[in-house]
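In each ligand, atom 1 is the first atom listed, and ligand 1 is the first ligand listed. Keep in mind that this is a model prediction, so the values were computed, not measured.
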Amino acid sequence: MDEVLMDEEDDCPELVPIAGKPLSHGTQIPVTIITGYLGAGKTTLLNYILTEQHNKRIAVILNEFGEGSALEKSLAVSQAGELYEEWLELRNGCLCCSVKDNGLIAIENLMQKKGKFDYILLETTGLADPGAVASMFWVDSELGSDIYLDGIVTVIDAKFGMQHLMEEKPEGLVNEAARQVALADLAIINKTDLVSSEELIHITDAVRSINGLVKILETQKSRWVGSLALAECMSEGDLNAWSHPLMLDACSFQRGPNTTPSPPPPMLSQLCPRVDLSEVLDLHSFDQKDGVNLAEKLQLVKTTRPHLDKSILTVTFEVAGSLSEDLLNVFIQDLLWEKAFKNKAGLPMDVIRLKGIVSIAGQPRQVMLQGVHELYELDETPQLWGEEPRVNRLVFIGRNLDPEVLLEQFITTVLKVGEST
Ligand SMILES: Nc1nc2c(ncn2[C@@H]2O[C@H](COP(=O)(O)OP(=O)(O)OP(=O)(O)O)[C@@H](O)[C@H]2O)c(=O)[nH]1
Ligand SMILES: [Zn+2]
């Protein structure tokens, strides 16, 4: 294994970009953030991952923030049954450099003490905003950290998830459960044993209506508990694709007439509920490895309609042509930082997650756009534009989004009229 490069251990270190940022994550360790409302099944999923056969040295971090202005946070790392614990000093409620850098330093220290990990899983508390935690790893990965953000996994309670998603918050505040779904790269709808197939469809639709981009899996005890026949059905490759109850339903039919004696027709929720580790780990949701097939993925995304009152939704559009990079930055900053765009009701659009593949005038390769809350990044992918006309595809997940207004703003401000691609 490679040497662990340690950052200077300051109170609040200055991070300096390293020259010649590596294009691959060769020596970096992925971190997956596991979030989800209280009691949804996050720890159960972690335990499952840790006990499953794999060749990885996985470290688990429990990101327990105390109530209110707690000054300490425990960083427990369990690995191969052993539990290590570190205590971090936090400055009062400050989510800026104190948490950021100390969090990373603690992980890096730990790696030095215990040897390098292959993978880090970070469980947030049920009420945490995964966006804040994600930002910490995402930004620093660009600055030569040992760690990069692989993806955000949100565990949802099939039974109480609807209730959590619908909970009314005081004016101006986003419901935490909905925010966790909005930010998810993978949504695991757990405890399917506790609901009927109708309830399962309902919660799945609600999740999809918030986040049109997310991959959805259904589980019991965060794992699969099916029979051999179901194991066969799971080997069908299409479940690696975007899972949906109807697809799970379809896979029970594909088993064909040979499966005798036929078992009682399984409830939708009993089909194939498991998590294959490859579906949770190494998602590459924030980097260029994802960029290669992101263009295809984005084509499948549809603008959603709010399922719940005042809820978060997904807006997507395609625009042919090439963009001015400067104007694109202005557009994104107006949207994310200035909150300058309003919907028809006059409410400012609030984007939580942003993804896209765009064509920058004069650049031969596709450029990936990623955003989480106020952070965003434009990154060239290895993918060259082909012969066919270039198409920009964007996906926005957030509140008060109006597809028409967004599209109009995008076209008028960003598109380089008359520019050849
Ligand atoms: N019936 C049922 N119970 C489950 C399932 N998955 C987890 N549980 C139970 O739900 C409870 C909460 O599970 P945890 O894994 O601790 O949930 P968590 O999200 O880590 O909870 P917090 O960290 O407290 O927010 C435990 O009692 C689990 O045994 C499931 O699929 N079905
Ligand atoms: Zn837990």
Side-chain angles (χ1 to χ4, degrees), residues 31-52 58-68 70 73-79 81 83-85 120-134 151-165 167 175-204 207 214 216-227 230 234 243 245 248 266-277 279-281:
V31 55
T32 291
I33 295 172
I34 299 190
T35 187
Y37 212 76
L38 300 167
K42 301 178 289 295
T43 303
T44 308
L45 174 65
L46 284 174
N47 287 339
Y48 166 60
I49 293 174
L50 288 176
T51 53
E52 189 64 352
I58 299 180
V60 172
I61 299 170
L62 305 173
N63 190 228
E64 302 280 357
F65 287 89
E67 289 287 306
K73 157 176 102 141
S74 142
L75 183 90
V77 174
S78 99
Q79 185 215 320
L83 195 77
Y84 312 116
E85 220 170 316
I120 296 172
L121 299 171
L122 192 154
E123 176 184 344
T124 70
T125 60
L127 297 175
D129 172 6
V133 184
I152 301 174
V153 175
T154 300
V155 184
I156 297 147
D157 187 320
K159 179 115 181 117
F160 295 109
M162 269 324 276
Q163 203 175 307
H164 300 152
L165 288 174
E167 201 182 319
N175 172 318
E176 294 93 356
R179 185 188 291 279
Q180 290 169 348
V181 170
L183 283 161
D185 299 297
L186 169 67
I188 294 182
I189 300 181
N190 187 40
K191 308 196 187 182
T192 56
D193 54 309
L194 300 181
V195 294
S196 67
S197 48
E198 288 76 23
E199 285 173 291
L200 186 58
I201 288 173
H202 195 206
I203 182 79
T204 306
V207 168
V214 71
I216 300 176
L217 291 175
E218 292 159 16
T219 61
Q220 287 172 33
K221 295 266 178 198
S222 305
R223 66 197 300 165
W224 94 287
V225 289
S227 66
L230 293 180
M234 282 311 294
S243 178
L248 293 179
M267 275 191 353
L268 214 55
S269 63
Q270 287 172 335
L271 290 165
C272 314
R274 59 121 217 199
V275 170
D276 184 324
L277 289 188
E279 293 181 283
V280 182
L281 308 182

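- Distances from atom 6 (N) of ligand 1 to the heavy atoms of Asn190, Leu46, Val155, Thr192 put Asn190 nearest.
- Which parts of ligand 1 touch Asp193 is read off a 4.0 Å heavy-atom cut-off, strictly below it: atoms 1 (N), 2 (C), 30 (C), 31 (O), 32 (N).
- Residue contacts to the Zn ion (ligand 2): Thr43 brings an N, O or S atom closer than 2.8 Å.
- Looking at ligand 1, you won't find any N or O of Leu38 less than 3.5 Å from one of its N or O atoms.
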Verdict with reasoning, Leu217 to Leu186, per side-chain contact (heavy atoms from CB on, under 4.5 Å): CA-CA 8 Å; Leu217 291 175; Leu186 169 67; 3.8 Å; yes

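- The minimum distance between the Zn ion (ligand 2) and any N, O or S atom of Glu123 involves atom OE2.
- Residues Ile203 and Val195 have side chains not in contact (no heavy-atom distance under 4.5 Å, counting atoms from C-beta outward).
- Remark: ligand 1 atoms within the under-4.0 Å shell around heavy atoms of Leu194 are 1 (N).
- By the 4.5 Å heavy-atom criterion applied to side chains, Thr154 and Leu183 are not counted as neighbours.
- The line from OG1 of Thr219 to CG of Leu45 is 7.5 Å long, rounded to the nearest 0.5 Å.
- Side chain of Asn175 to main chain of Glu167: a donor-acceptor pair is present (N/O by atom type, distance under 3.5 Å, no hydrogens or angles).
- Remark: ligand 1 and Gly41 share an N or O pair separated by less than 3.5 Å (distance only, no angle test).
- No side-chain heavy atom of Leu165 sits under 4.5 Å from any side-chain heavy atom of Ile156.
- A heavy-atom separation below 4.0 Å is found between Glu123 and ligand 1.
- By the 4.5 Å heavy-atom criterion applied to side chains, Leu281 and Leu121 are counted as neighbours.
- Between Thr219 and ligand 1, no N or O atom pair is found at a separation short of 3.5 Å.
- Remark: distances from the non-hydrogen atoms of Ala40 to ligand 1 include one below 4.0 Å.
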